[in-house]
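Reckoned from all heavy atoms, side chains included, excluding hydrogens, waters and symmetry mates. Start at 1 and go down the list; that is how both ligands and their atoms are numbered.
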Amino acid sequence: MPHILMCPPDFYGIEYEINPWMSRSRQADQPLAVKQWEGLVEILKSLGVKISLLTPQVGLPDLVFTANAALVYKQWAILSHFRYEQRQGEEPICAAWFEANGLTVERLPEGRFFEGAGDALYCGDTLIAGYRIRSDIHAQQLVGQLTDSRVIPLELMDGHYYHLDTCFCPLAPGKAIYFPGAFDDYGRTVLKELVPELIPVAAEEAHSFACNAVVVGSTVITNSGCPNLHRDLASRDFTPIETPLSEFVKAGGSAKCLTLRLDGEEAASWRV
Ligand code: ARG
């Protein structure tokens, strides 16, 4: 049974600005955010996903983005250490949840920044790792050593696509969605070599968080407003589902950011 960690948006809002999507003058509609989050939960449950929940905390509005809690690899949770202090308060809460739920928490040394599954995604047995804007390249190499994985670090070039999961989404080993404009020539070349079936997303749909998809089996869930990607996915025997997540886009997040797969992503060759 697929198993996903989420956090209800009870205390969600735009309380600070740490990426270009966030503006305190453009507040999230909190009751609508609750409805949208519940809509995502319903879809996941209908696909047979087991959902576990973090307890929301006053003053930690971005705790809803559980993709950033850690990178889960087998029984280990490699804990995030956030670039911005506004999110560092999430770290002990996530660590406590992982420990209470049977995972072994690994911490990176002082001074290294790492933002979990937001920046580190397995495609087959390779860990594709975004760096510079949030996670740093040294942290990503240490994560590779801890997991004994080959790491391919890719520099994120555009502040709007500050986490790897906003511009790249593995669907299965050898298959992924990406937004070319978020990478440099080197990054695009590496991705093309590494992922034989690489589906590009246009700028307009990338801006609707098309790449920030949750993959369960062959079902791919995204924010609304990604019709071309959905057509491409359907023609490749995936089942796309859209669900409105506008209130989370205001914080720079969408479907994938709201989830942390605990049993291994679909595309991860180590999946339990
Ligand atoms: N406001 C959050 C931040 O800037 C959004 C995090 C989105 N998470 C993600 N995995 N992309 O940190």
Do any nitrogen or oxygen atoms of ligand 1 lie under 3.5 Å from a protein nitrogen or oxygen, and which ones?
from: ligand 1; atom 1: 1 (N); to: D62; atom 2: OD1; distance (Å): 3.2
from: ligand 1; atom 1: 1 (N); to: D62; atom 2: OD2; distance (Å): 2.8
from: ligand 1; atom 1: 1 (N); to: A251; atom 2: O; distance (Å): 2.8
from: ligand 1; atom 1: 4 (O); to: N19; atom 2: ND2; distance (Å): 2.7
from: ligand 1; atom 1: 4 (O); to: R134; atom 2: NH2; distance (Å): 2.8
from: ligand 1; atom 1: 8 (N); to: N68; atom 2: OD1; distance (Å): 2.9
from: ligand 1; atom 1: 10 (N); to: N68; atom 2: OD1; distance (Å): 3.4
from: ligand 1; atom 1: 10 (N); to: N68; atom 2: ND2; distance (Å): 3.4
from: ligand 1; atom 1: 10 (N); to: D165; atom 2: OD1; distance (Å): 3.3
from: ligand 1; atom 1: 10 (N); to: D165; atom 2: OD2; distance (Å): 2.7
from: ligand 1; atom 1: 11 (N); to: H163; atom 2: ND1; distance (Å): 2.9
from: ligand 1; atom 1: 11 (N); to: D165; atom 2: OD1; distance (Å): 2.8
from: ligand 1; atom 1: 12 (O); to: R87; atom 2: NH1; distance (Å): 2.7
from: ligand 1; atom 1: 12 (O); to: R134; atom 2: NH1; distance (Å): 2.9

Task: Parallel, tilted or perpendicular: rings of W270 and Y73 (30°, 60°) - done: perpendicular

Open item on the list: Could you tell me if the side chain of V214 sits less than 4.5 Å from the side chain of I43, heavy atoms only?
Closed with: no

- [ ] Determine the interplanar angle of the F248 and Y12 rings, folded into 0 to 90°, and report it as parallel if under 30°, tilted if 30 to 60°, perpendicular if over 60°.
- [x] tilted

- [ ] Please work out whether the ring planes of Y161 and W21 are parallel, tilted or perpendicular, with thresholds of 30° and 60°.
- [x] perpendicular

TODO: Before accepting this row, confirm whether a basic side-chain N of the pair D136/R112 lies closer than 4.0 Å to the acidic partner's carboxylate O.
DONE: yes

Task: Greater than 12 external heavy atoms within 6.0 Å of E85's CD - done: no

